[in-house]
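In what follows, every heavy atom counts, from backbone to side chain, and hydrogens, waters and symmetry copies are set aside. This structure is a prediction, so every number in the text was calculated from the model and none was measured. Residues take their numbers from the sequence shown, with the count starting at 1.
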Amino acid sequence: MLKEERLDYILKKLKADQKVLQTELSTDLQVSEDTVRRDLESLAQSGLLIKVRGGAIPHSPNPYSFKERTLFHTDDKLLMAQKALGLLHNGQTVILDGGTSTLSLVKIFPPELQLTVITNSVPIAAQLIEHPQTQVILTGGRVNKNAQTAGGQETMRMLRRVRADLCFLGVCSLHPILGVTGMNMEEAEVKTTMVECASHVVALATGDKMGTAEPYKVCDITDLDTIITDNAELEFLEAYREQGIRVV
């Protein structure tokens, strides 16, 4: 089998199974594990998968820019937002990460809800300016125009002065072993700080983000208290529940 045929087989199997193992690929393709390892390395260098010990898993399916992400999974994000709303009550201090899922949440805040919201998201802050009962604290820092979020040391310094009741993370990738990861190192560092500053951490993630990974670590999976997804009945979510995480 030609190398191009092997690579095509690997990508198709990865899409179907959400993971590939070197030992299985070696048997399927009738080549050595060293050959499979080199094939996986080639695909990883092309940005087509993430290598892990003994095999590979997919990248997150997300487009990069905030504007693009607002067009994807709108109904699923609304469903997650409705579930997340049940965790909020008057008097809380809440950290909101700068994602499109968290933006969907603030869009359905009832007018009587009284919160203090701390966010690094320009669109979330702008949305909440019109809310009659919510106090808004926008972190400092340099604004990433693609993500429409503030980041850097100034953002993290401000967050470290906070002890929030809840943190809602818009998650790029979620894996039961590799934890929460992201595509941008600076954004991942800010998210890590958010996790450290909250008593209860909630990840908002559509099902297509489960079992995927990106290069930059945000936190371990056990740092999450709750995962809110669009379909809590998916069988592979049991791997998260087994680690004591509430999945809704």
Side-chain angles (χ1 to χ4, degrees), residues 1-77 99-101 144-147 169-189 191-192 203-221 227 229-231 233-240 242-243:
M1 183 180 290
L2 297 174
K3 178 179 179 180
E4 289 74 16
E5 294 175 308
R6 295 199 308 271
L7 299 184
D8 183 61
Y9 177 87
I10 292 169
L11 290 175
K12 286 179 178 177
K13 186 170 180 61
L14 182 65
K15 183 177 181 181
D17 298 346
Q18 291 297 292
K19 67 176 180 180
V20 289
L21 300 176
Q22 286 178 187
T23 53
E24 292 181 359
L25 289 172
S26 175
T27 300
D28 294 346
L29 298 170
Q30 297 184 332
V31 295
S32 69
E33 287 194 36
D34 283 340
T35 298
V36 171
R37 191 177 297 110
R38 288 193 294 270
D39 287 346
L40 293 178
E41 183 63 38
S42 175
L43 291 169
Q45 290 178 357
S46 299
L48 297 173
L49 50 74
I50 292 284
K51 279 192 69 180
V52 296
R53 184 178 180 85
I57 59 176
H59 273 289
S60 163
N62 280 354
Y64 181 71
S65 77
F66 183 89
K67 185 176 180 179
E68 289 173 322
R69 285 184 281 133
T70 60
L71 304 176
F72 286 77
H73 300 289
T74 53
D75 291 341
D76 297 332
K77 290 172 185 175
T100 54
S101 296
N144 179 323
K145 291 184 178 180
N146 277 327
L169 288 180
V171 172
C172 170
S173 292
L174 196 65
H175 192 277
I177 297 172
L178 301 177
V180 180
T181 53
M183 292 181 283
N184 179 283
M185 182 170 64
E186 187 175 87
E187 288 182 11
E189 289 177 340
K191 289 175 187 284
T192 299
L204 303 174
T206 50
D208 59 331
K209 297 176 184 177
M210 306 289 182
T212 68
E214 292 299 335
Y216 301 107
K217 182 74 171 285
V218 173
C219 65
D220 293 329
I221 198 68
I227 296 172
T229 187
D230 54 319
N231 185 356
E233 304 306 316
L234 293 171
E235 290 184 8
F236 58 75
L237 295 178
E238 193 59 34
Y240 302 97
E242 287 174 355
Q243 300 190 64

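- Atom OG1 in T100 sits 2.5 Å away from atom NZ in K77 (nearest 0.5 Å).
- To the nearest 0.5 Å, the span separating OG1 on T35 from CD on Q22 amounts to 11.0 Å.
- The CD atom of E214 sits 4.5 Å away from atom OG of S173, with the distance rounded to the nearest 0.5 Å.
- Residue Q18 holds its CD atom at 8.0 Å from OG1 of T212, rounded to the nearest 0.5 Å.
- Across every non-hydrogen atom of V20 and I10, the tightest pair is CG1-O, 4.0 Å.
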For this session: With side chain to side chain contact (heavy atoms under 4.5 Å, CB included) as the test, would you mind laying out the steps for I221 and H175 before giving the verdict?
Result: CA-CA 7 Å; I221 198 68; H175 192 277; over 6 Å; no

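- For the residue pair H59 and G47, the shortest heavy atom distance occurs at CD2-O, 3.1 Å.
- Summarising the geometry of C172 relative to M183, their closest heavy-atom pair is SG-CE, 3.8 Å, with the distance given to 0.1 Å.
- The shortest distance between side-chain heavy atoms of L25 and L40 falls below 4.5 Å.
- Other residues, nucleotides and ligands place more than 12 heavy atoms under 6.0 Å from the CG atom of D34.
- With D39 contributing its side chain and K3 its backbone, the two residues share no donor-acceptor pair below 3.5 Å.
- No donor-acceptor distance shorter than 3.5 angstrom exists from the side chain of K191 to the backbone of V171, with no hydrogens or angles considered.
- Nearest approach of I57 to A213, heavy atoms of both residues: CD1-CB, 3.4 Å.
- A distance of 11.5 Å separates CG of D208 from CG of N231, quoted to the nearest 0.5 Å.
- The local environment of CD1 in I177 is sparse, with at most 12 non-hydrogen atoms from other residues, nucleotides or ligands closer than 6.0 Å.
- For E238, the CD atom counts as densely surrounded, since its 6.0 Å shell holds more than 12 non-hydrogen atoms of other residues, nucleotides or ligands.
- Proximity of a side-chain donor or acceptor of S42 to a complementary backbone N or O of R38 within less than 3.5 Å is not detected.
- Sparse packing is recorded around CD of E233, with 12 or fewer heavy atoms of other residues, nucleotides or ligands lying under 6.0 Å away.
- For the atom pair CG (D8) and CG (L2), the distance works out to 11.5 Å, reported to the nearest 0.5 Å.
- In this structure the side chain of D28 reaches within 4.5 angstrom of the side chain of K13, judged on heavy atoms.
- Heavy-atom contacts from other residues, nucleotides or ligands closer than 6.0 Å to NZ of K51 number more than 12.
- Closest approach of G182 and V218 over heavy atoms only: N-CG2, 4.3 Å.
- The two residues P58 and G211 have their closest heavy-atom pair at CD-O, 3.7 Å.
- With hydrogens and angles disregarded, no donor-acceptor distance shorter than 3.5 Å links the side chain of Y240 to the backbone of M210.
- In this structure, T181 contributes its side chain and K217 its backbone to no donor-acceptor pair below 3.5 Å.
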